[in-house]
2 protein chains.
Amino acid sequence: MALKHISEKTIGRLSLYRRLLYRSSLAGQNNVYSHQIAALSGSTPAQVRRDLMAIGYSGSPNRGYKVGELIKSIGDFLDDPEGMRVGLVGVGNLGRAILSYFSGRRPKLAIVAAFDVDPNKTNRIIHGCRTYATSDFPKVAKEENICEGIITTPADTAQATAEMLVNAGIRGILNFAPVCLKVPPEVFTADIDMTMTLEKVAYFARK
Amino acid sequence: MALKHISEKTIGRLSLYRRLLYRSSLAGQNNVYSHQIAALSGSTPAQVRRDLMAIGYSGSPNRGYKVGELIKSIGDFLDDPEGMRVGLVGVGNLGRAILSYFSGRRPKLAIVAAFDVDPNKTNRIIHGCRTYATSDFPKVAKEENICEGIITTPADTAQATAEMLVNAGIRGILNFAPVCLKVPPEVFTADIDMTMTLEKVAYFARK
DNA sequence: TGTTGTGAATCTCTTCACAGCT
DNA sequence: AGCTGTGAAGAGATTCACAACA
């Protein structure tokens, strides 16, 4: 497999394609054309073909792509074969909603532990996930082999939380707090900024 | 003011700059340089200056930008002067977390009503927001002058929900359901796809 | 015919680099 | 000296357009 760099956008779309294809396969579809994937994903046929080029999966003219094979190819490309274990820090309203959202959804990418500074929220099972004191993160991360973190703490503790995660050996962070985290370049971070997105929609809704 | 088209990315960054500047102003800062905004927002000085060009706000060499004025200029540009009223459909775990997240935060952009099909969730006040039956959306939207919608329903009802919002005259949609909505081109939609983002972090965390 | 795979063209966004200002 | 504002260059992403194929 080529080591050519694959863009964040392409990775995002591949993740989306896989999820949509999974729905199609459940509906009994066996073959799919790039223009169908494009329609489902709000993309274009050329874009879809380019993205599939990146993972080296080939379809056949006149038959398109085999749905099952394509789902598997995307999975082989995106997923860690060992599975990826995730810890969530900040068991507030948003943190609990996210635990519920991901609960039991994808075995290869599961939230296996949650953390909070509030003793009332620790040593419980919330949406199927055990909760610990935030200060226990390094120990639990090692025991549970956690390598990705989700930050759903308040804004003013997000940076300190991120540094703790990095020191505990975490390699990727999904950040919901409305600040920009400063982390070493080898740690990948993505932000989900709901305020920014809501304001963007508000702006474009009028014009 | 020029009608030149301003990109989605620039609008998103302006929203971010404003929020970060607001924190700086609370901390007593009066003037700010593009390189400081860049550091806070994870951007570059040139990028910041370009974005501020778009809204026609000028700083002064040697003094940079005045924090208060800049916040106001971004607000004049982004916000609807009347304020923007938002309705949320789908009062599950995620919907409630979002109600809590935005509750009382920004007067110019407030969630004023929430909707669900489950009678157990309607006719209540949740995180300061009144809940209604989803079927009442068109009526309430008119009464409350709602023009933006947030979809936090399950995936299989998201498209039908979107169509109902569009028929009720909504102009912008923020979608959390893991599907791509098909709406007329005059309706702006943004997706927050948590699964996709989590998978993206997982991918880039290992390499 | 209608599809895939892909080089080339196009479009969009970001960064450079520097004149002009204080 | 060190900043802003901006034309121009560069980088990156998307779309076009067509050969090859079933």
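By convention in this document, chain letters (A, B, ...) are assigned in the order of the sequence lines, proteins followed by strands, and residues within each chain are numbered from 1.
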Can you list, pair by pair, the side-chain donor-acceptor contacts under 3.5 Å of residues 38-57 of chain A, counting residues two or more places apart and other chains?
| residue | atom | partner | partner atom | Å |
| --- | --- | --- | --- | --- |
| A:Ser41 | OG | A:Ile37 | O | 2.8 |
| A:Thr44 | OG1 | A:Gln47 | N | 3.1 |
| A:Arg49 | NH1 | A:Ser34 | OG | 3.3 |
| A:Asp51 | OD1 | A:Thr10 | OG1 | 3.3 |
| A:Asp51 | OD1 | A:Arg13 | NH2 | 3.1 |
| A:Asp51 | OD2 | A:Arg13 | NE | 2.7 |
| A:Asp51 | OD2 | A:Tyr17 | OH | 2.7 |
| A:Tyr57 | OH | A:Glu69 | OE1 | 2.9 |

Seminar exercise, completed: ring pair (Phe, Tyr, Trp, His ring centres under 6.0 Å) pairs touching residues 146-198 of chain B, sequence neighbours excluded, are A:Phe204-B:Phe188
Residues 136-156 of chain A, side-chain donor-acceptor partners within the protein, below 3.5 Å, at least two apart:
| residue | atom | partner | partner atom | Å |
| --- | --- | --- | --- | --- |
| A:Glu144 | OE1 | A:Arg85 | NH2 | 2.6 |
| A:Thr152 | OG1 | A:Val89 | O | 3.1 |
| A:Thr152 | OG1 | A:Gly90 | O | 2.6 |

For this session: Report the end-to-end axis angle of the helix from C:dT1-D:dA22 to C:dT22-D:dA1; each axis comes from five terminal pairs, and the value is rounded to 10°.
Result: 0°
Exercise. For residues 31-53 of chain B, which residues have at least one heavy atom under 4.0 Å from DNA chain C?
Worked result: B:Thr44, B:Gln47, B:Arg49, B:Arg50
Problem set entry | Salt-bridge criterion met for B:Arg171 and B:Glu186 (N-O under 4.0 Å) | no
For this session: Output yes when A:Arg18 and B:Glu199 qualify as a salt bridge under the 4.0 Å nitrogen-oxygen rule, no when they do not.
Result: yes
Exercise. Got a donor-acceptor contact below 3.5 angstrom from the A:Thr161 side chain to the A:Thr157 backbone?
Worked result: yes
Could you list the protein-to-nucleotides 20-22 of chain C atom pairs, N/O on both sides, closer than 3.5 Å?
| residue | atom | partner | partner atom | Å |
| --- | --- | --- | --- | --- |
| C:dT22 | O2 | B:Asn62 | ND2 | 3.0 |

Seminar exercise, completed: A:Lys9 NZ to C:dT12 P, in whole Å, measures 12 Å
Exercise. Do you know the tightest heavy-atom contact between A:Leu109 and B:Ala202?
Worked result: CD1-CB, 3.8 Å
Exercise. Salt-bridged, B:Lys182 to B:Glu163, with N to O below 4.0 Å?
Worked result: no
Problem set entry | Separation of D:dG12 P from A:Arg13 CZ (nearest whole Å) | 16 Å
Problem set entry | Spacing between A:Tyr65 atom OH and C:dG2 atom P, to the nearest angstrom | 18 Å
Exercise. Between A:Asp80 and B:Lys207, is there a side-chain N and carboxylate O pair less than 4.0 Å apart?
Worked result: no
Exercise. Reckon B:Ser7 has a side-chain N or O less than 4.0 Å from the OP1 or OP2 of C:dT12?
Worked result: no
Seminar exercise, completed: So CE of B:Met164 and CD of B:Gln159: to nearest 0.5 Å the spacing works out to 12.0 Å
